[in-house]
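Keep in mind that this is a model prediction, so the values were computed, not measured.
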Amino acid sequence: GCHGVSVNQAVDFTVRNCEIGWCGGSIQGYTWGGREEPTRFGEGIQNWGNCNRFRILNNYLHQIYDGATSSQQSGWEGLTRVIMQNVEVRDNCYENNSANIEFWMNLYPQQGNNENFQFRDWDISGNLMRRTGCGFGRTRALYAGTNGGQVFADSFGWPKPLYENVKMSDNTTWDNACALVDGLGWGTERYNLEGNLFVHAYGDVFGYLERDFSNPATWDFAEYLYDAETLAMLQKKNILGSNSFYYTYSGKQ
């Protein structure tokens, strides 16, 4: 019911050539973040807080109840420094997870856009991601009917840390039952998807992103569909890099 691999403040920590599956399923809390449903618990591989040279390489991650791979930090007002640097998430296979790759910091106003809070030198590349949102984590515990899955996930918190050389490239994702991107702060000035391949059902959810990209506010998000209009709009606003998008169609379309 907990994590497969969990580490705090990872330094020179590598998980390579492992199969990690059927992790999580516990309830972490009931009312966190103003939610009306329980907070799910149980990652495949998680780092908490600062890290330097944290590597997740060539693993098979499946049936993970929460995020399959994650580096994250929840803030408090006395927090003075979080630097997540030299992170590699490469050449992994993800299947039937609630979420695949998470990266986020929840910060207080004085901590945002501050050199003491950074994502720096991340390489998320060469990963294959299939059937996200289709595993046993599809529904939150005690709260039927909610999916909540995502392929790439940041937090809905604002403000954001600083980003430097954070790249997500050459990843392939298909046959998913959930959002492809999730969270506030997406944009090429922070991090961007570049050279990835997406195959997704036309008209399904593309992601949950800012409602107003010019004036982001905590938890003020909207649902965007996977269609030509949405992708053109996000491209124009520099939310995405250059990627390949393909549509699949159901028998009703």
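Annotation for Ser71 and Phe54: closest pair CB-CE2, 4.4 Å, computed over non-hydrogen atoms. When all heavy atoms of Leu107 and Pro159 are compared, the closest pair comes out as O-CD, 3.8 Å. Scanning all heavy atoms of the two residues, the minimum distance from Tyr224 to Arg211 falls at OH-O, 3.7 Å. Smallest separation of non-hydrogen atoms from Gln111 and Glu77: NE2-O, 3.8 Å. Across all their heavy atoms, Asn176 and Val151 have their closest contact at ND2-CG2, 3.9 Å. The two residues Asn113 and Leu162 come nearest to each other via the heavy atoms CA-CD2, 3.6 Å.
Considering only heavy atoms from C-beta on, Ile101 stays 4.5 Å or farther from Met168 through its side chain. Proximity of Thr80 to Asn116: side-chain heavy atoms (C-beta onward) are nowhere separated by under 4.5 Å. Contact check for Glu164 versus Gln118: side-chain heavy atoms found under the 4.5 Å cut-off. Taking 4.5 Å as the limit, some side-chain heavy atom of Val5 sits within range of a side-chain heavy atom of Phe13. You'll find the side chain of Leu240 reaches within 4.5 Å of the side chain of Phe245, heavy atoms only.
Criterion: ILVMFWY side-chain heavy atoms under 4.5 Å apart, direct or through other members. Under it, Leu79 and Trp48 are not part of a common hydrophobic cluster. Cluster annotation: Ile20 is not connected to Tyr60 through the hydrophobic network of ILVMFWY side chains, with a link wherever side-chain heavy atoms come within less than 4.5 Å. The hydrophobic cluster containing Leu128 does not contain Leu61, counting ILVMFWY residues as joined when their side-chain heavy atoms lie under 4.5 angstrom apart, directly or transitively. Hydrophobic clustering, with ILVMFWY side chains joined whenever heavy atoms are under 4.5 angstrom apart, groups Tyr202 together with Leu180. By the criterion of side-chain heavy atoms lying less than 4.5 angstrom apart, applied directly or through intervening Ile, Leu, Val, Met, Phe, Trp or Tyr residues, Met84 is not grouped with Leu57; the two fall into different hydrophobic clusters.
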Q.
One pair to check against side chain to side chain contact (heavy atoms under 4.5 Å, CB included): Leu234 and Leu209. What are the steps and the verdict?
A. CA-CA 10 Å; Leu234 295 174; Leu209 302 167; 4.2 Å; yes
* Show your reasoning for whether side chain to side chain donor-acceptor pair (under 3.5 Å) applies to Asn58 and Arg16. => CA-CA 6 Å; Asn58 200 46; Arg16 186 197 310 264; over 6 Å; no
Before you tell me yes or no, could you show the steps for Val87 and Phe119 under side chain to side chain contact (heavy atoms under 4.5 Å, CB included), namely the whole-Å CA-CA distance, both residues' side-chain angles and the distance that decides it to 0.1 Å?
CA-CA 9 Å; Val87 175; Phe119 289 108; over 6 Å; no
* Between Tyr191 and Phe103, does a ring pair (Phe, Tyr, Trp, His ring centres under 6.0 Å) hold up when you go through it step by step? -> CA-CA 11 Å; Tyr191 46 74; Phe103 42 95; 5.2 Å; yes
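Rounding to the nearest 0.5 Å gives a distance of 11.0 Å between SG of Cys51 and CG of Asn8. Asn97 CG to Glu43 CD: the interatomic distance, rounded to the nearest 0.5 Å, is 10.5 Å. Note that the OG1 atom of Thr230 and the CZ atom of Phe206 stand 8.5 Å from one another [nearest 0.5 Å]. Taking CE from Met129 and OG1 from Thr173, the interatomic distance works out to 5.0 Å, rounded to the nearest 0.5 Å. Note that CG of Asp204 is 10.5 Å distant from CG of Asp227, once rounded to the nearest 0.5 Å. The OG atom of Ser155 sits 10.0 Å away from the CD atom of Glu102 when rounded to the nearest 0.5 Å.
Heavy atoms of other residues, nucleotides or ligands lying less than 6.0 angstrom from CZ of Arg53 number more than 12. Residue Glu189 places its CD atom among more than 12 non-hydrogen atoms of other residues, nucleotides or ligands, all under 6.0 Å distant.
Of the possible polar contacts, one joining the Asn92 side chain to the Arg90 backbone as a donor-acceptor pair under 3.5 Å is found. A distance-only check finds a donor-acceptor pair linking the side chain of Asn50 to the backbone of Ile83 [under 3.5 Å]. Checked by atom type and distance alone, the side chain of Gln73 never pairs as donor or acceptor with a backbone atom of Trp104 at under 3.5 Å. Side-chain atoms of Asn243 come within 3.5 Å of backbone atoms of Asn196 as a donor-acceptor pair (strictly under, hydrogens ignored). Of the possible polar contacts, one joining the Glu210 side chain to the Gly185 backbone as a donor-acceptor pair under 3.5 Å is found. Using a distance-only test at 3.5 Å, with no hydrogens or angles considered, a donor-acceptor pair links the side chain of His200 to the main chain of Val205. Asn114 places no side-chain N or O within 3.5 Å of a backbone atom of Gly112 that could act as its donor or acceptor partner. A side-chain donor-acceptor contact under 3.5 Å links Asn59 to the backbone of Cys18. Judged by distance alone, with hydrogens and angles left aside, the side-chain atoms of Asp182 form no donor-acceptor pair with the main-chain N or O of Gln150 at under 3.5 Å. Put simply, the side chain of Tyr226 gets close to the backbone of Tyr246: a donor and an acceptor are under 3.5 Å apart.
Between Trp122 and Tyr163, the ring center distance fails the sub-6.0 Å criterion. Aromatic ring centroids of Tyr65 and Phe41 lie 6.0 Å or more apart.
For the residue pair Thr69 / Tyr94, a side-chain donor-acceptor distance below 3.5 Å is found, with atom types taken as modelled.
A salt bridge links Lys160 with Asp154: the closest approach of a Lys/Arg side-chain nitrogen to an acidic carboxylate oxygen falls below 4.0 angstrom.
Each of Ile124, Asn100, Thr132 was checked for a side-chain contact (heavy atoms from CB on, under 4.5 Å) with Phe152, and the lone residue meeting it is Ile124.
Taking the six-membered ring where tryptophan is involved, the planes of Tyr247 and Tyr249 are perpendicular, since the angle between them exceeds 60° and thus also 30°.
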